[in-house]
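Notes for the one structure printed next.
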Amino acid sequence: MESNLLIANGQSDEQVRQVMAVMPEAILVVGGNGLIRICNPRSELVFGYTQQELEGQPLETLLPERFRSSHLYLRKKYSRNPVNRSMGDGRELFALHKNGHEFPVEVALAPVSAGDDGVVVMVTDISYRKHAEEELRLAANVFSNTLDGILILNEHLKIVKVNAAFERIMGFSGASVLNQPVSMLKAARQKTEDFSTIWTQTNQNGRWQGEVWNRHRDGRVIPLWLSVTALYRLDGSLEKYLVTMYDISEQKSSQERIYYLAHYDVLTSLPNRILFMDRFAHALDKSKREQQRFALMFIDLDNFKQINDTYGHSYGDQLLCSVAERLKATVRESDTVARLSGDEFLILMENLSEHRAAATLAQKLLSELAVPILVGETELFVSASIGIACYPDDGDDSETLLKNGDMAMYKAKEAGRNRVEFYNHSMTEYVQERVALTADLRRALEETELELYFQPVIDLSCGRCVGAEVLLRWQHPKRGFIPPDKFISLAEESNLIVPLGEWVLQQSCMQMQQWIQNGVPLQFLAVNVSGKQVLQTDFVERVAAIFAETGCEPQRITLELTESFVMHQSEFAIAQLQALRELGVGIAIDDFGTGYSSLSYLKRLPITRLKLDRSFVSEIPHETNDIEIARAILKLGDAVNLRVIAEGVETAEQHEFLLQEGCAFSQGYLYAKPMPIDAMQTYISTNLCVNSH
Ligand SMILES: Nc1nc2c(ncn2[C@@H]2O[C@@H]3COP(=O)(O)O[C@H]4[C@@H](O)[C@H](n5cnc6c(=O)[nH]c(N)nc65)O[C@@H]4COP(=O)(O)O[C@H]3[C@H]2O)c(=O)[nH]1
C-alpha cells in the first residue's frame, strides 16, 4: 500500500470507498475530530463491527482501554505535525475486537491531504504472523536448549544444522560438521550395514529408532539412542532428515552392571550358574544339531572349608580367585569355566574329540591346582575332586548330565579326593544302592538289627579298663555285617542319625545304669554323637530326658564329637555344648589332630577330653613326625588341662610310648577289639580297674 494515499479534494467518498474496498487491510479514514469517517469492509472482519457501527465512532473505541488516553495524546500530536508512517515501519499495537478480544496489529498512518487534518489509518491484523513468529521462536529455543542432540540432514545425508546439545554430546562444533556426511560420526564398531539400515528404514517407514555407536571427537565410542524422522515437502518429496540423539552411556553401563551381576560371580568374575546354564543349553542344542560331544566337569575343592576356617574369609576369597584364574588359564578360550557356589566350579568343554581329551584336561587342572597358592605371605595348598559327564554317552539332557557329573565328582571325593572320576552307569547303581540301604537302615532302627559294641578304654596309670567306647554295629538280614563307616554317613545324609544317635545314647545309658546297679564301677561310656544331633534345638532336653528315664548319671557319659564338627562351631553349637556340660556330661574331641584348624576353639569350648587320632598312633615308633605330633598333642592336652585318650593302640611299643609321655587313657586292638555286650561283661569282670581316678 502506498503510504501517501490521498483523499484528494473533489474525490467523492464513493471513489474512496471503491479504492478502500479492494484493500487487504482494514482502512479507516479518521477525521481531525478523531471520529472514524469511513472504513472499508475489511475493517468489519478485523474489528468485528459493521461498517455502519464503525463510522462515526471515535478511533479509540478500537483500542484496549489502557492505551486510549496515551493514544489520544499521540493522535493529537500527530495531527499537529502529520507525517507518513508506512506499513512495515509502522508501529505494532494492540487493537480491541468488538468481542473484547485484544489482538496485535500493525498500523500505518497517512495524513489526509487537501487541508483536512484527518488521517488514513491502515490496520493489519498480525495475530497470525505473531503466532507464527512465536512458534518459530519457540522452535528455535527448543532446538537450542533441548538436552537431546539434534541434527538436520539433507537428502544426501549431509549435516545441515546441529544444535548445542549435539555439540556437547559429540564434541564437534556445529561449524566443523556442516556439510559433512553423517557417517563421519559413526564408530568403527557400528556395523556399516546396520548403519545403512537406518536410512533405508527411515525412507520406507518415515522413521527409525534404535541404538547406535558413535565416535566422539576425542575418539571415545559412545552409545546413543537415535530417532530419525524423514521430513517431507508438501509435494511429498523427501526434504530433510531430523535426527535426535541422546547419550545412553549411563543407562548402558547400569544395564551392563545389572546383566553382569545377574550372570557373573562377583568374586571371581567367572560366569555364574545362570549364565552357565544358558551356555550349557546352547552347547546341548548345538551338539545335538552337529552331532558333537562335549564334557561337563564338576570341580570341588577338597579342603577349602578348612582353609576358610583357619585363615579367614579374605584368604578364602583370594584363594578362590586364584583357583578361578588357574582354571581359566588352563582351559581353551572356547571352554566355559563357571563358579557354581562356594568352592564348586564347572567347566564346559565343547567340541570334544574323545573322552581322553577331557581326562587330559582334568589331570592338567589337578596339577595346576597342586602348585601352592600364595595368599599374602602364606602358601596355601588345595586339591580338587573332579567328576566328568560327557554328552551324549552319559545323558542327553541337561538335568541328567548335571546329575551324573555331580555323582562322578562325589565318587572322586569318596575315592580319596584329588582325583578325576568319569561318570559310569555303576554310579547310578551305587546311588540306588545307597537309597535302598538308607531305607533298610530306617527299618533296622525299628527292628533291632542294630547292636551296641563296646571297646574298653584303659587307664594307662593302672593298665586296666576304666570305661568303654560305644560303637554301633548293623547286622543286615540279607547283606550281613555292614560297618559303621558305610552306614553312619548314610544316616547323616538322610537325617536318620538323629533318632539313631538318640537310640545309641539311650541304650548306652541303660547299659551303664545296669552295670552300676550290678556293682560294676565302670567310670564312663564314650558315645559318638553326630554334629547333626547337637544342632537339633531340643538335643539338650532329649539328652536330659534320657538321663532321667534311665537313671544314669550324666557324669558317666562322655559325648564324642569329631574335630571337624567342633571346628565349625557356631554360637548355637557352643551354647548347646555348654548346656550339656552343665548337665555334667563329658565332652571329648574325636580324631584330634586330623583337623586343619586353629586351636583357639580349645579355649572356647567346654571340652573335657581329647582323643589322639589313631593315624598318629599307628606309625609309632617308626615315624618321627607322628611321634612328635603325638608328643605335642599330649603336651597341649597337659597345658590346657585336658586328659588325652590315645586311639588305635595296637602294639606294646605304642603303649609304652604313651605311658612314658604321660598319656591318661588308651584304647585299641592291643587291649581289646570292640565287642558285644556279653563279651564286654566278661572282659570287665577280669579287667576292670577299681581305684582309678
Ligand atoms: N585299625 C584299628 N582300628 C581300631 C582300633 N581300635 C579301635 N578301632 C576302630 O576305630 C574306630 C573308632 O571309632 P571312631 O573314631 O569313633 O569312629 C567311628 C565313629 O566315627 C563312627 N561310629 C560308630 N558308632 C557310632 C555311633 O553310634 N554314632 C555315631 N555318630 N558314629 C558312630 O564310625 C566310626 C568307625 O567305627 P568302627 O568301625 O567301630 O571303628 C572304631 C573301632 O573299631 C585299633 O587298634 N586299630
Side-chain angles (χ1 to χ4, degrees), residues 441 444-445 448-458 460 465 467-475 480-512 524-536 539 542-543 546 557-566 586-595 609-620 626 630 644-655 657-658 663 665-677 679-680 683:
L441 184 60
L445 185 60
T448 59
E449 287 165 23
L450 301 168
E451 190 183 353
L452 300 191
Y453 268 48
F454 299 85
Q455 184 174 36
V457 175
I458 309 300
L460 281 165
C465 172
E469 177 175 3
V470 181
L471 294 157
L472 195 54
R473 296 290 178 261
W474 181 11
Q475 197 59 45
F481 175 75
I482 301 175
D485 282 340
K486 199 161 178 193
F487 70 82
I488 292 291
S489 61
L490 282 184
E492 301 236 6
E493 273 168 29
S494 59
N495 262 348
L496 255 185
I497 193 72
V498 175
L500 193 73
E502 191 170 323
W503 181 81
V504 172
L505 181 64
Q506 199 233 13
Q507 295 293 310
S508 306
C509 288
M510 266 167 58
Q511 188 55 57
M512 187 62 167
F524 64 87
L525 279 182
V527 179
N528 286 289
V529 171
S530 151
K532 278 214 166 149
Q533 287 175 263
V534 179
L535 293 176
Q536 299 291 308
F539 182 64
R542 296 185 85 99
V543 171
I546 290 174
I557 298 293
T558 293
L559 300 182
E560 287 193 3
L561 286 153
T562 57
E563 181 175 22
S564 54
F565 168 73
V566 178
I587 294 170
I589 299 182
D590 210 355
D591 314 331
F592 189 75
T594 53
R609 277 177 202 162
L610 299 180
K611 290 195 82 172
L612 173 61
D613 191 64
R614 84 167 172 266
S615 58
F616 302 117
V617 177
S618 63
E619 295 307 318
I620 295 172
D626 285 351
V644 178
I645 306 180
E647 292 184 303
V649 180
E650 294 183 354
T651 66
E653 285 123 310
Q654 290 163 355
H655 170 86
F657 169 84
L658 294 164
C663 181
F665 305 106
S666 146
Q667 77 183 79
Y669 294 170
L670 175 69
Y671 318 104
K673 288 196 167 179
M675 56 188 97
I677 181 74
M680 184 65 185
Y683 180 88

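Ligands are counted one by one from 1 in listed order, and the atoms in each one are counted from 1 as well. Each residue takes its place number in the sequence, starting with 1.
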Return the residue, atom name and 0.1 Å-rounded distance of the protein heavy atom closest to [atom].
{"atom": "atom 9 (C) of ligand 1", "answer": "Arg614 NH1, 3.6 Å"}
{"atom": "atom 42 (C) of ligand 1", "answer": "Leu471 CD1, 3.8 Å"}
{"atom": "atom 2 (C) of ligand 1", "answer": "Glu650 OE2, 3.3 Å"}
{"atom": "atom 37 (P) of ligand 1", "answer": "Pro484 CG, 3.6 Å"}
{"atom": "atom 24 (N) of ligand 1", "answer": "Leu472 N, 3.1 Å"}

Pairs of donor and acceptor atoms involving the side chains of residues 496-507, under 3.5 Å and at least two apart or interchain, shall be tabulated with distances.
residue	atom	partner	partner atom	Å
Glu502	OE1	Arg542	NE	2.7
Glu502	OE2	Arg542	NE	3.2
Glu502	OE2	Arg542	NH2	3.3

Nearest protein heavy atom under 4.0 Å from atom 17 (O) of ligand 1, yes or no: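 No, no protein heavy atom sits under 4.0 Å from atom 17 (O) of ligand 1.
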Under-4.0 Å protein heavy-atom contact, atom 40 (O) of ligand 1: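 Not a single protein heavy atom is under 4.0 Å away.
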Do [X] and [Y] have side-chain heavy atoms sitting under 4.5 Å apart?
{"X": "Asp613", "Y": "Glu647", "result": "yes"}
{"X": "Ile589", "Y": "Leu561", "result": "no"}
{"X": "Asn528", "Y": "Leu471", "result": "yes"}
{"X": "Leu472", "Y": "Val470", "result": "no"}
{"X": "Gln511", "Y": "Phe454", "result": "yes"}

Tell me every residue that passes ring pair (Phe, Tyr, Trp, His ring centres under 6.0 Å) with Tyr683, counting only those two or more places apart in sequence or in another chain.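 Once residues adjacent in sequence are excluded, Tyr683 has no partner under the ring pair (Phe, Tyr, Trp, His ring centres under 6.0 Å) criterion.
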Short list, please: which atoms of ligand 1 are under 4.0 Å from a heavy atom of [X]?
{"X": "Val504", "answer": "27 (O)"}
{"X": "Pro674", "answer": "43 (O)"}
{"X": "Val649", "answer": "45 (O)"}
{"X": "Asp485", "answer": "33 (O), 34 (C), 35 (C)"}
{"X": "Asp591", "answer": "15 (O)"}
{"X": "Glu647", "answer": "15 (O)"}
{"X": "Gly668", "answer": "6 (N), 45 (O)"}

What part of [X], side chain, backbone, both or neither, has a heavy atom within less than 4.0 angstrom of ligand 1?
{"X": "Gln455", "result": "side chain"}
{"X": "Asp590", "result": "side chain"}
{"X": "Ile488", "result": "side chain"}
{"X": "Arg473", "result": "side chain"}
{"X": "Asn528", "result": "both"}

What closest approach, in Å, do Gly480 and Gln475 show between heavy atoms, and which atom pair accounts for it?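 Nearest pair, atom of Gly480 first, then Gln475: C-NE2, 3.7 Å.
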Of all the heavy atoms in Gly501, does at least one lie under 4.0 Å from an atom in ligand 1?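 It does not, in that no heavy atom of Gly501 comes within the 4.0 Å cut-off of ligand 1.
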Taking Glu493 for the side chain and Leu490 for the main chain, is one N or O donor matched with an acceptor at less than 3.5 Å?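 Not a single qualifying donor-acceptor pair exists.
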Charged N-O contact under 4.0 Å between Glu451 and Arg473: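 No, Glu451 and Arg473 are not salt-bridged.
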May I ask you to say whether Glu650 pairs ionically with Arg614, meaning some side-chain N is under 4.0 Å from a carboxylate O?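 Looking at Arg614 together with Glu650, the answer is no, because their closest N to O distance does not fall below 4.0 Å.
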Check whether any N or O atom of [X], backbone or side chain, sits under 3.5 Å from an N or O atom of ligand 1, and answer yes or no.
{"X": "Val470", "result": "no"}
{"X": "Gln533", "result": "no"}
{"X": "Glu492", "result": "no"}

Separation of Ser615 OG from Asp626 CG (nearest 0.5 Å):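 If I round to the nearest 0.5 Å, the distance is 7.0 Å.
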State the CG-CD1 distance between Leu452 and Ile677, to the nearest 0.5 angstrom.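 Rounded to the nearest 0.5 Å, the CG-CD1 separation comes out at 7.5 Å.
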Under 3.5 Å, is there a donor-acceptor pair between the Gln455 and Gln667 side chains?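 A pair is found: one side chain offers a donor N or O, the other an acceptor, under 3.5 Å apart.
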Should one rank Tyr453, Trp503, Tyr669 by closest heavy-atom distance to atom 4 (C) of ligand 1, which comes out on top?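 It is Tyr669 that holds the nearest heavy atom.
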